[in-house]
Amino acid sequence: MNISSSVEIAAKYIQEGKLVAFPTETVYGLGANAFNPLAVAKIFELKERPSFDPLIVHIAEIHQLEKLVLSADERVYKLAEKFWPGPLTMVLPKSDIVPDIVTSGLPTVGIRMPGNEISLELIRKSNCPIAAPSANKFGRISPTTAAHVKKQLPNVDYILEGGKTTVGIESTIIKLTDNGFQILRSGIITQDELETIIPVDRNSIIEKLSAPGMLKSHYSPRKKLLIADNDKLKIDKSMAGLISFSGKLENDYLKVIRVSERKDLKDYAVNMFDAMHTFEDDSEIEIIIAEPVCETGIGKAIMDRLRKAEFNWRQV
Ligand code: TXA
Ligand code: MG
């Protein structure tokens with residue numbers, strides 16, 4: 001089936017209050033009509049996601065933003081102009097039209113315009129904004145292919161195929177304050193890039209958010225994953241898979257996935273979750289080791305995901 005007819009089908013599903021997994025440029029999302037609370041409730045059920053964890057609302061046109069928020073100042077439009085469509089989510093005061101279930105009762109809503117033609121077409125054809133978390137079971141590895149979605153959510157009403165995602169990690173989430181912006185979740189759009197538009201707010205204290213984007217554990221593979229940053233790390237490499245970046249650690253590992261031949265951090269982001277899925281599915285691999293990178297620029301987002309993937313396993 002060609003893309004345009006599968007988007008038509010997917011849009012029909014959205015209009016009927018069903019769930020559609022769809023590709024964005026970051027990861028696959030599990031979408032529902034953001035204005036239909038019953039449909040949104042099914043997202044939480046299928047993902048086994050706690051109700052306190054709010055969803056991002058995806059739009060295709062800037063005029064859709066105006067309905068969803070109480071007010072948007074000039075800074076929002078400047079950011080939108082520079083980064084949308086693209087992997088930036090802005091958390092803004094929500095209007096009454098946004099059902100409470102979408103925002104987990106918070107007075108704010110996270111909004112983004114995804115930078116992927118299939119998702120934009122889906123939103124346009126559905127004729128509504130689409131609320132969507134990543135299309136994985138709660139706490140598990142995010143999906144960057146339709147196969148990853150099928151593995152974790154085999155009962156989803158429809159999966160829109162769109163190949164492998166091109167960014168590979170979730171959007172940068174920011175909150176605007178009176179003094180500038182604060183990053184709630186790091187991503188491929190870095191603080192430096194955002195600062196070219198508005199200043200970072202180093203002073204306001206962001207109230208504690210009960211949202212797993214901020215929990216210590218997340219993105220967890222079913223197999224033990226450790227970051228190779230510990231000299232005392234004693235593991236049997238003959239049963240281990242290495243997620244390799246520099247190429248320097250590869251000796252003696254049973255299997256190695258080199259995430260970037262040209263040693264570019266963007267490739268690490270693109271291939272990281274896919275590598276975790278591959279090793280998770282490989283019966284010969286007992287433990288996954290991931291190579292750490294310098295925590296600047298995109299490296300910050302990569303290390304954030306690796307630490308969260310590792311968190312539960314550090315204790316075992
Ligand atoms: O790239 C992405 O952002 C992907 C694709 C599908 O768009 N979506 C995604 O959604 O990563 P999810 O649900 O896995 O992560 C969304 C996170 C929540 O866990 C929460 O931390 C934050 O976004 N969030 C959403 N609405 C918020 C709000 N009103 N205030 C604070 N944080 C919010
Ligand atoms: Mg997620």
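Counting starts at 1 for both ligands and their atoms, following the listed order.
Proximity to His58 (heavy-atom distance under 4.0 Å) selects the following atoms of ligand 1: 5 (C), 6 (C), 7 (O). Heavy-atom contacts of Ser171 reach the following atoms of ligand 1: 1 (O), 2 (C), 3 (O) (cutoff under 4.0 Å).
Residues that satisfy the side chain to side chain donor-acceptor pair (under 3.5 Å) test with Asn136, not counting sequence neighbours, are Ser134. Tyr28 is linked by a ring-ring contact (aromatic ring centres under 6.0 Å, His included) to nothing, counting only residues two or more places apart in sequence or in another chain.
Put simply, the side chain of Ile174 reaches to within 4.5 Å of the side chain of Leu79, judged on heavy atoms. No side-chain heavy atom of Ser126 sits under 4.5 Å from any side-chain heavy atom of Asn33. Side-chain atoms of Leu92 and Leu65, non-hydrogen and from C-beta on, do get closer than 4.5 Å to each other.
Distances shorter than 4.0 angstrom do not occur between any heavy atom of Thr103 and any atom of ligand 1. Heavy-atom distances between Arg185 and ligand 1 reach below 4.0 Å in at least one pair.
Between the side chains of Ser6 and Glu161, no donor N or O sits under 3.5 Å from an acceptor N or O. Defined by atom type and a distance below 3.5 Å, a donor-acceptor pair is missing between the side-chain atoms of Thr24 and Ser119.
Within the 4.0 Å heavy-atom criterion, both parts of Thr108, backbone and side chain, lie near ligand 1. Counting heavy atoms closer than 4.0 Å to ligand 1, residue Arg49 contributes side-chain atoms (C-beta onward) but none from N, CA, C or O.
Residue pairs that meet the ring pair (Phe, Tyr, Trp, His ring centres under 6.0 Å) test with at least one member in residues 63-103, sequence neighbours left out, do not exist here.
Closest heavy-atom approach to atom 33 (C) of ligand 1 among the candidates Pro54, Pro23, Ala21, Gly105: Pro54.
Between Phe22 and His58, the ring planes are perpendicular. Angles over 60° get that label, and only those under 30° would be called parallel.
Around the Mg ion (ligand 2), the protein contributes the following N, O or S atoms at distances under 2.8 Å: Ser134 OG.
Checked by distance only, ligand 1 and Lys47 stay at 3.5 Å or farther apart across all their nitrogen or oxygen atoms.
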